[in-house]
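For clarity, every value in this text was computed on a predicted model and none was experimentally measured.
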Amino acid sequence: MNSKETTEVSKFDAIKWLVVILLVAVGVVGNSMYAEQSLLYRVIGLLVLALVAGFVALQTAKGKAFFTLFKEAKNEVRKVVWPTRQETLQTTAMVVVVVLLIGLFLWGLDSLLGWMVSSVIG
């Protein structure tokens, strides 16, 4: 019985995804057909279609899984210990100094190798 329910759900999911694709297509075609209309009206229409398509997509199994992933990611971001302003400035300064030192080293190495090659070539 479980496989039958899964098959029915997947059939409905396919129909829901078809509706989402059709809504996106209606938005694209409608936006080009009504190009002479005000940009404000077209943007509002596209936003409404996007919201409806998003709502339909969230009703599918993959949409629910995506929403769950989004909520879990949001919770994980809350757990992050962000660096203080001083730590950020110190780290940035160290990165800038190292980049400058490596850049100077590579510039010197390039100049040395260029001088060596030009003296060999003539």
Side-chain angles (χ1 to χ4, degrees):
M1 184 170 172
N2 191 19
S3 64
K4 185 177 181 181
E5 290 175 11
T6 306
T7 306
E8 289 178 19
V9 169
S10 65
K11 286 181 184 178
F12 286 129
D13 279 358
I15 292 171
K16 291 174 187 175
W17 284 115
L18 183 63
V19 169
V20 169
I21 291 170
L22 287 174
L23 286 171
V24 171
V26 165
V28 170
V29 171
N31 191 37
S32 64
M33 284 181 56
Y34 294 106
E36 69 278 351
Q37 297 297 319
S38 172
L39 179 63
L40 176 66
Y41 297 140
R42 289 186 290 146
V43 168
I44 290 172
L46 287 173
L47 285 175
V48 168
L49 282 174
L51 287 173
V52 172
F55 178 75
V56 173
L58 286 176
Q59 304 307 310
T60 64
K62 288 186 180 185
K64 290 176 185 175
F66 173 77
F67 188 67
T68 303
L69 176 71
F70 180 76
K71 287 192 306 187
E72 291 174 1
K74 190 175 173 183
N75 288 336
E76 289 297 320
V77 167
R78 289 184 186 147
K79 295 178 186 177
V80 172
V81 179
W82 298 101
T84 63
R85 181 174 176 86
Q86 182 181 4
E87 291 172 338
T88 303
L89 291 175
Q90 288 174 345
T91 305
T92 303
M94 287 190 299
V95 168
V96 168
V97 168
V98 169
V99 166
L100 287 174
L101 290 174
I102 296 297
L104 286 172
F105 172 74
L106 290 174
W107 173 71
L109 184 63
D110 182 53
S111 297
L112 176 68
L113 292 174
W115 175 76
M116 289 171 54
V117 168
S118 66
S119 57
V120 168
I121 293 176

J.: Which atoms form the tightest heavy-atom contact between P83 and T88, and what is the distance?
T.: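 Scanning both residues completely, I find the closest heavy atoms to be CG-OG1, 3.7 Å.
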
J.: Determine the minimum heavy-atom distance between K16 and T60, stating which atoms define it.
T.: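 Where K16 meets T60 most closely, the heavy atoms are CB-CG2, 3.6 Å.
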
J.: Is there a side-chain contact between W17 and K62 (heavy atoms, below 4.5 Å)?
T.: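 Counting from C-beta outward, W17 and K62 do come under 4.5 Å.
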
J.: Is the backbone N or O of L58 less than 3.5 Å from a side-chain atom of K64, with the two atoms forming a donor-acceptor pair by type?
T.: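 Here the side-chain-to-backbone pair does not exist.
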
J.: Any chance you could measure L18, atom CG, to L23, atom CG, to the nearest 0.5 Å?
T.: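 Going from the CG atom of L18 to the CG atom of L23 covers 9.5 Å.
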
J.: Report whether L49 and Y41 are members of the same hydrophobic cluster (ILVMFWY, side-chain heavy atoms less than 4.5 Å apart, transitive linking).
T.: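 Different hydrophobic clusters.
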
J.: Which heavy atom of E36 sits nearest a heavy atom of M33, and at what distance?
T.: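 In terms of heavy atoms, the two residues are closest at OE1-O, 3.4 Å.
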
J.: With rounding to the nearest 0.5 Å, note down the distance linking CD in Q86 to OG1 in T91.
T.: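 It comes to 10.0 Å.
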
J.: Quick check on the hydrophobic clustering: are V98 and F105 connected, directly or via other members, by side-chain heavy-atom contacts under 4.5 Å?
T.: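 Yes; F105 is reachable from V98 via cluster members.
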
J.: Can you list the steps and then say if W82 with V77 is a side-chain contact (heavy atoms from CB on, under 4.5 Å)?
T.: CA-CA 10 Å; W82 298 101; V77 167; 4.3 Å; yes

J.: Do Y34 and V29 share a hydrophobic cluster (ILVMFWY, side-chain heavy atoms under 4.5 Å, transitive)?
T.: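 Cluster IDs for Y34 and V29 match.
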
J.: Is there a path from V20 to L46 through hydrophobic residues (I, L, V, M, F, W, Y) whose side chains come within less than 4.5 Å of each other?
T.: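 Each belongs to a different hydrophobic cluster.
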
J.: Of the options E76, K71, E72, R78, which is the one that meets K74 in a side-chain contact (heavy atoms from CB on, under 4.5 Å)?
T.: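 By the side-chain contact (heavy atoms from CB on, under 4.5 Å) criterion, K74 pairs with just one of E76, K71, E72, R78: R78.
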
J.: Measuring from atom CD1 of I15 to atom CG of L22, what distance do you get when rounded to the nearest 0.5 angstrom?
T.: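 Separation between the atoms: 11.5 Å.
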
J.: When you measure from the side chain of E87 to the backbone of T84, do you find a donor-acceptor pair of N or O atoms at a distance under 3.5 Å?
T.: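 It does hold such a pair.
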
J.: Heavy atoms, side chains only, cut-off 4.5 Å: are I102 and W107 in contact?
T.: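 Of all side-chain heavy-atom pairs linking W107 with I102, none is under 4.5 Å.
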
J.: My understanding is that only residues two or more places apart in sequence, or in another chain, count here; which of them pass side chain to side chain contact (heavy atoms under 4.5 Å, CB included) with L100?
T.: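 Partners of L100 by the side chain to side chain contact (heavy atoms under 4.5 Å, CB included) criterion, ordered by chain and then number, come out as V96.
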
J.: Heavy atoms, side chains only, cut-off 4.5 Å: are R42 and L39 in contact?
T.: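 Yes - at least one pair of side-chain heavy atoms lies under 4.5 Å apart.
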
